[in-house]
Structures are given as C-alpha cells and as structure tokens.
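One is the number of the first residue; the rest follow in order along the sequence.
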Amino acid sequence: MASPLRRLRRILLGACVLVVTLVIAIAGSVAWTWTSADVSTVGTTEFTQPLRIPPVADSTVDATGTRVFSLDMRTGTTEFEPGRATETWGFNGSYLGPTVRAARGERVRVQVRNQLPEASTVHWHGMHLPAAMDGGPHQMVDPGASWTPEWTVAQPASTLWYHPHPHGATEDHVRRGLAGMFLIDDAPSARLPLPHTYGVDDIPVIVQDMRLRDSRLDGTHAIFRDIGFLGDRTMVNGTRSPYQEVGDELMRLRLLNASTARIYTFAFDDARPFAMIGSDGGLLERPTTLDRVRLSPGERAEIVVRMKPGERTVLRSEKLEAGLDFWSGRFSGADDTFDVLELRAAPTLRPSAALPQTLVPPSIPDGTDSVAERRFDLTLAGINGKRMDMSRIDTTVTRGTTETWVVRNVDGMPHNFHVHDVQFRVLDYDGAPPPPELTSAKDTIFLPPNTAATLALRFDGPADPTTPYMYHCHLLWHEDVGMMGQFTVVEPGQQAATPPGHAHWPCHIDAIALNSSRSEFNTR
Ligand code: C2O
Ligand code: CU
Ligand code: CU
C-alpha cells in the first residue's frame with residue numbers, strides 16, 4: 001500500500017483518539033461537576049453556638065415626636081469560626097444590623113451614614129413610603145456621606161427588612177452582611193394572644209447561606225450557577241451551627257430569607273406541624289397549619305411552633321420541589337438540604353396562651369376595582385425583554401388606583417418577583433386559587449419555571465413623577481444583571497419624568513435637534 005495513504009490513516013486514527021479522549025474528559029468533568037454540586041449539612045451539624053439575637057435599634061424621639069434611628073454602614077471583622085476573623089460588613093456592627101422597631105402611625109427618621117469604601121443605599125423592603133425615601137438605586141449614598149429618609153409608618157404590624165440596593169452590586173453588599181429586620185407593631189396585633197417577647201418567645205430568624213475559604217467570605221459563583229451565589233452552609237442571624245433555648249410552650253419564629261439566591265423549604269426534622277401566622281406584609285386572617293413553608297429570597301413567614309418540655313427539634317431546609325429539570329434543579333441548589341437551627345426546650349416550660357382562631361382582617365385589595373392589567377414576563381435577560389435602565393420608566397401608575405399584574409416566569413430557571421412600596425394580593429397562583437400561605441399581604445412571590453401569578457396591587461401614593469420605585473427578581477444577581485424595572489406613581493393625568501441625574505440623551509450627534517424637543521425627552 002502506498003505510504004501516504006497509511007500516513008493519512010494514522011493521522012485520522014490519532015485525531016479520532018484525541019477527539020474521543022476530549023469528549024470523555026469533558027463529559028467526565030461535567031459529570032463530576034454535577035455530582036459534586038449538591039451540598040448538605042443535615043445530620044452533621046453540631047449546634048454548638050447559641051443563636052445571636054440582633055439587638056433592638058436604639059432610638060430617640062425628637063421635639064416633633066419623630067422617632068430617630070441611626071444606621072452606620074461599616075466594615076469590620078466577624079468570628080464565624082472561633083479565633084478566626086473574617087472581613088464583613090454590617091450596620092452599627094460588623095455583621096447584619098440591629099432590629100429596627102416602630103409602631104404604625106409613628107413618624108420615623110433614619111440617619112444613614114456610609115462608612116464603606118463604596119457607594120451604597122439602604123432600602124426598606126416591604127415598606128409603604130414615598131419613592132424618594134425608598135432607598136432604591138436612585139438614592140445612592142457616597143462613601144463618607146449620609147442620607148436621612150423620613151416617613152410615617154402607615155401599614156399593619158409586620159416583619160419587614162432593610163438592605164442595600166445599589167444597581168449592579170446588591171448581591172455583593174447583602175452577602176457581605178448588610179441586612180437587618182424592620183418590625184412594625186400595631187394595636188390590633190398587640191391585643192392578640194401571640195408570643196411577642198423579643199428574643200424570648202418571639203425570635204428573629206434571618207437565614208443566609210455562606211461559604212468560607214481560608215476564613216474569607218467567598219462570593220464566587222460556581223460553574224453553571226445561573227442562579228447566582230450559593231453557599232455551602234447556612235447561618236441564622238450570622239450564627240453558624242446555632243441553637244436556641246426555649247422556655248415557652250409556643251415559639252414564634254420570624255423567618256426571613258435574606259440569602260442572595262437560595263430558596264429554602266423550611267420544615268422540622270420530625271415533620272411536626274406548625275402554625276403560620278404571618279407573611280411578608282403582616283398577619284394572616286387566621287393561622288394556617290403547615291408542615292413546610294417555602295421562602296425565596298426576600299420573603300418572610302411568621303410561624304408558631306409548639307414545644308414539649310425537654311425536647312429538641314431542628315428547623316431544616318429540605319429539597320426544593322419546584323418542577324425544575326434535573327440540570328437546573330441541581331445547579332439552582334434544589335437538591336441541597338440544611339440543618340438550620342436547633343430548638344432546645346427547657347425541662348419545664350412556661351404555659352403559652354392558645355393561638356387565636358382569627359388574627360386580622362385583610363388589608364390588601366381584592367382586585368375588583370382594578371383599572372389596568374399589565375404583563376411582566378421574567379427571563380434572566382430582563383423583564384418583558386428589557387434590561388434595567390436607570391433612565392427609563394417602564395410603568396406609570398395612577399395614585400389611588402388598583403391594578404392587576406400578571407407575572408410569568410417564562411424561563412427555565414427559578415425567579416421571584418418583588419414590588420417596592422406595595423403589599424399585594426395573590427389572586428391566582430399557577431392557574432389556581434393561592435394556597436393558604438399566599439393568601440395574605442405579599443411583596444415578593446416565588447415563581448418556578450412556567451408559573452404565572454396574578455396580583456392585585458393598590459398604589460396609595462404619594463405621587464412623585466420624578467422618582468421611580470423598583471420591581472425586580474429578588475435573586476440578587478439576577479437583579480444586578482438587569483432583571484429589574486421602574487414604575488412611577490403619578491397623580492391622575494400626570495406623566496412620569498426622567499429621574500433626575502439620569503436625563504437620557506440618545507447620543508451627542510443631534511444635540512441641537514434634541515434641544516428643541518427637550519421637553520419630550522423629559523416627560524416620557
Ligand atoms: Cu429587598 Cu428591591 O428589594
Ligand atoms: Cu423592596
Ligand atoms: Cu431571577
């Protein structure tokens with residue numbers, strides 16, 4: 001046989017072997033990545049640390065009756081592992097922040113100071129307040145600067161929270177430790193026989209996932225994690241492996257998912273039932289008995305669990321059942337499980353009053369007077385196909401009206417949807433009436449792939465045509481890369497204007513032509 005032919009055959013054979021080896025190597029590393037992508041701390045957590053309870057924020061009341069708080073955004077170090085310091089950020093401390101507490105009807109003012117090396121904001125998640133006080137990406141506070149929002153608390157007793165909202169860096173700032181609870185009290189809830197002694201039978205449970213590498217907080221996104229940052233363990237109130245001593249028969253846990261991307265399915269290790277009494281925007285109409293509750297980032301649930309003398313039970317997070325496919329489920333953390341918090345009952349417990357049959361009347365619109373219906377289609381590429389633009393107002397709503405928003409996840413990965421300023425009612429979830437845990441005031445709703453929710457939202461003002469509120473996916477990396485839009489509340493007949501500092505000039509070419517039509521550009 002001619003030797004060139006033999007050479008060609010050898011070359012071809014060699015190429016084949018190379019290709020096959022490459023394919024095996026790639027498949028092998030993908031398979032390895034897949035099998036090593038799930039994490040679990042179930043059964044291996046020792047619960048050695050007493051749960052840290054964030055202090056209630058100090059306040060003073062000024063001559064006008066305004067309650068004044070101070071929140072300093074700082075850098076510091078935190079010992080997550082005994083004897084090893086980790087650099088963290090916090091409010092008035094090194095990690096997380098104090099629990100801010102105010103009553104309905106009170107005027108509050110918060111002196112926010114930014115002592116961080118970068119600009120940030122403080123947003124009051126779940127709060128109904130003027131847009132200029134909202135702390136979204138238009139209220140940036142430069143390093144060394146302060147910002148002093150002021151508003152009147154005008155909503156029912158609820159478990160809200162605060163966290164930074166700088167566009168493009170929210171995941172990073174929250175993950176470093178900037179978050180805290182904001183509790184609202186009111187007379188109707190105070191009259192109910194519910195556990196309400198803070199830190200005793202009424203416990204803040206701020207759940208976050210984290211990962212340490214050489215005692216540093218590691219915020220890198222592992223490969224294939226379209227969901228954003230996922231940690232390899234959880235902590236509560238900044239405490240790893242936490243336990244809480246229980247001295248009362250009934251314990252109220254205010255669960256807050258303050259993680260940047262992780263979705264939890266909370267349940268007890270012995271599958272004991274518990275009562276859910278509150279949701280994002282306050283108490284439910286009546287307690288509902290559940291054995292699990294799912295919270296996506298930003299969502300809250302107030303639950304009450306009954307303990308027997310001397311027993312222990314562990315709050316867990318179980319696998320996520322959200323119809324995710326094999327691939328996106330694994331890389332969204334759906335297969336992960338965590339031991340979150342151990343409750344340790346004393347040998348004798350103080351008796352607790354039985355839970356009331358009814359809690360509070362509904363505070364949210366039923367949608368019957370809705371004046372507009374809008375659609376919001378969610379994908380990682382943006383909302384309704386558009387990426388966030390600080391200078392574009394996506395939606396203008398009229399003060400005092402109710403609207404119906406149909407929000408759909410049209411993507412292959414999990415998302416959720418959070419709206420600033422309002423608490424909404426879920427009219428329909430995944431083609432059915434909402435389950436009991438979604439029947440009360442919500443500001444954030446989880447949407448698995450191919451799921452739609454119909455929401456009724458009432459915009460009670462005040463109007464501010466130049467300052468938008470945000471709606472967005474609260475998986476914070478998704479928000480950072482542009483899954484966010486802006487809405488403005490205006491008086492009837494008024495138009496939204498371009499937010500100040502973000503005047504939107506398409507380019508410099510036609511400056512003169514644009515000049516003549518400036519008013520059009522300013523009132524879009
Ligand atoms: Cu909790 Cu727009 O945020
Ligand atoms: Cu918010
Ligand atoms: Cu998302």
Look at [X] together with [Y] and state whether they make a salt bridge at an N to O cut-off of under 4.0 Å.
| X | Y | answer |
| --- | --- | --- |
| Glu299 | Lys442 | yes |
| Glu342 | Arg344 | yes |
| Asp38 | Arg330 | yes |

Minimum heavy-atom distance [X]-[Y], with the two atoms named:
| X | Y | result |
| --- | --- | --- |
| Ala261 | Leu475 | O-CG, 4.0 Å |
| Thr396 | Ala496 | OG1-CB, 3.5 Å |
| Thr466 | Ala497 | CG2-CB, 3.9 Å |
| Thr99 | Pro54 | OG1-CB, 3.7 Å |
| Pro242 | Leu51 | CB-CD1, 3.9 Å |
| Pro117 | Pro143 | O-CG, 3.8 Å |

- Query: Thr45: what forms a side chain to side chain donor-acceptor pair (under 3.5 Å) with it, not counting sequence neighbours?
  - Reply: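 Thr45: no side chain to side chain donor-acceptor pair (under 3.5 Å) contacts found.
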Using a 4.5 Å cut-off on heavy atoms from C-beta on, say whether the side chain of [Y] contacts that of [X].
| X | Y | result |
| --- | --- | --- |
| Leu253 | Glu302 | no |
| Tyr243 | Thr48 | no |
| Phe338 | Val42 | no |
| Val207 | Val340 | yes |
| Asn416 | Pro297 | yes |
| Tyr264 | Ser296 | no |
| Leu178 | Phe91 | yes |
| Ile393 | Pro499 | yes |

- side chain to side chain donor-acceptor pair (under 3.5 Å) contacts in which one or both residues fall within residues 375-387, not counting sequence neighbours: Asp377-Arg408
For [Y], is there any backbone N or O sitting under 3.5 Å from a side-chain donor or acceptor partner on [X]?
| X | Y | result |
| --- | --- | --- |
| Thr44 | Thr41 | yes |
| Asp72 | Arg74 | no |
| Glu79 | Gly83 | yes |
| Asp280 | Thr444 | yes |
| Arg294 | Ala322 | no |
| Thr121 | Gly135 | yes |
| Asn409 | Met413 | yes |
| Tyr469 | Ala131 | yes |
| Asp336 | Ser40 | no |
| Ser215 | Ala85 | no |

- Given Trp147 and Asn114, is the side chain to side chain contact (heavy atoms under 4.5 Å, CB included) satisfied, shown in steps? CA-CA 8 Å; Trp147 176 61; Asn114 181 357; over 6 Å; no
Verify whether the ring centers belonging to [X] and [Y] lie closer than 6.0 Å.
| X | Y | answer |
| --- | --- | --- |
| Phe424 | Trp405 | no |
| Phe446 | Phe417 | no |
| Phe224 | Trp327 | yes |

- Taking ring-ring contact (aromatic ring centres under 6.0 Å, His included) as the test, write out the residues that go with His163, two or more places apart. His123, His125, Trp161, His165, His474
- Query: Does anything in residues 216-225 pair up under salt bridge (charged side-chain N to carboxylate O under 4.0 Å, His left out), and if so which pairs, sequence neighbours excluded?
  - Reply: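 As it turns out, the salt bridge (charged side-chain N to carboxylate O under 4.0 Å, His left out) pairs with a partner in residues 216-225, which skip direct neighbours, are Arg211-Asp218, Arg213-Asp218.
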- Query: Which salt bridge (charged side-chain N to carboxylate O under 4.0 Å, His left out) pairs, counting each pair once, include a residue from residues 411-434, with sequence neighbours left out?
  - Reply: none
- Task: Validate the cation-pi geometry between Arg175 and Phe229: distance from NZ or CZ to the six-membered ring centre under 6.0 Å, angle to the ring axis within 45°.
- Result: yes
- Item | Those residues that, when tested against Arg292, pass salt bridge (Lys or Arg N to Asp or Glu O under 4.0 Å) (two or more places apart) | Glu318
- Message: Rounded at 0.5 Å granularity, tell me how far CG in Leu438 sits from CG in Leu427.
- Response: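 Leu438 CG to Leu427 CG: 12.0 Å, rounded to 0.5 Å.
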- Item | Arg233/Met210 under side chain to side chain contact (heavy atoms under 4.5 Å, CB included): CA gap, chis, key distance, verdict | CA-CA 6 Å; Arg233 58 181 305 154; Met210 59 103 80; 4.1 Å; yes
- Task: Under the side-chain hydrogen bond (donor to acceptor under 3.5 Å, both in side chains) rule, what do His138 and Gln486 come out as? Steps first, then yes or no, please.
- Result: CA-CA 11 Å; His138 293 278; Gln486 311 196 89; 2.5 Å; yes
- Message: For a side-chain hydrogen bond (donor to acceptor under 3.5 Å, both in side chains) check, start with the C-alpha distance between His478 and Glu171, then their side-chain angles and the critical distance, and finish with the verdict.
- Response: CA-CA 9 Å; His478 291 182; Glu171 182 195 58; over 6 Å; no
- Query: Would you call the rings of Phe182 and Tyr162 parallel, tilted or perpendicular, where under 30° means parallel and over 60° means perpendicular?
  - Reply: perpendicular
- Query: When you check the side-chain N and O atoms of Ser146 and Arg113, is any donor under 3.5 Å from an acceptor?
  - Reply: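 No - no donor-acceptor pair under 3.5 Å links their side chains.
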- Message: side-chain hydrogen bond (donor to acceptor under 3.5 Å, both in side chains) for Asn237 and Thr239? Distances and angles first, verdict last.
- Response: CA-CA 6 Å; Asn237 305 343; Thr239 312; 6.0 Å; no
- Take Leu447 and Val407 through the side chain to side chain contact (heavy atoms under 4.5 Å, CB included) test and state the conclusion after the steps. CA-CA 9 Å; Leu447 292 161; Val407 187; 3.5 Å; yes
- Query: Would Ser94 and Thr78 satisfy side-chain hydrogen bond (donor to acceptor under 3.5 Å, both in side chains), going step by step from the backbone distance to the final call?
  - Reply: CA-CA 6 Å; Ser94 69; Thr78 302; 2.9 Å; yes
- For Thr337 and Arg316, run side chain to side chain contact (heavy atoms under 4.5 Å, CB included): C-alpha distance rounded to whole Å, both residues' side-chain angles, the deciding distance at 0.1 Å, then the answer. CA-CA 7 Å; Thr337 53; Arg316 277 199 176 149; over 6 Å; no
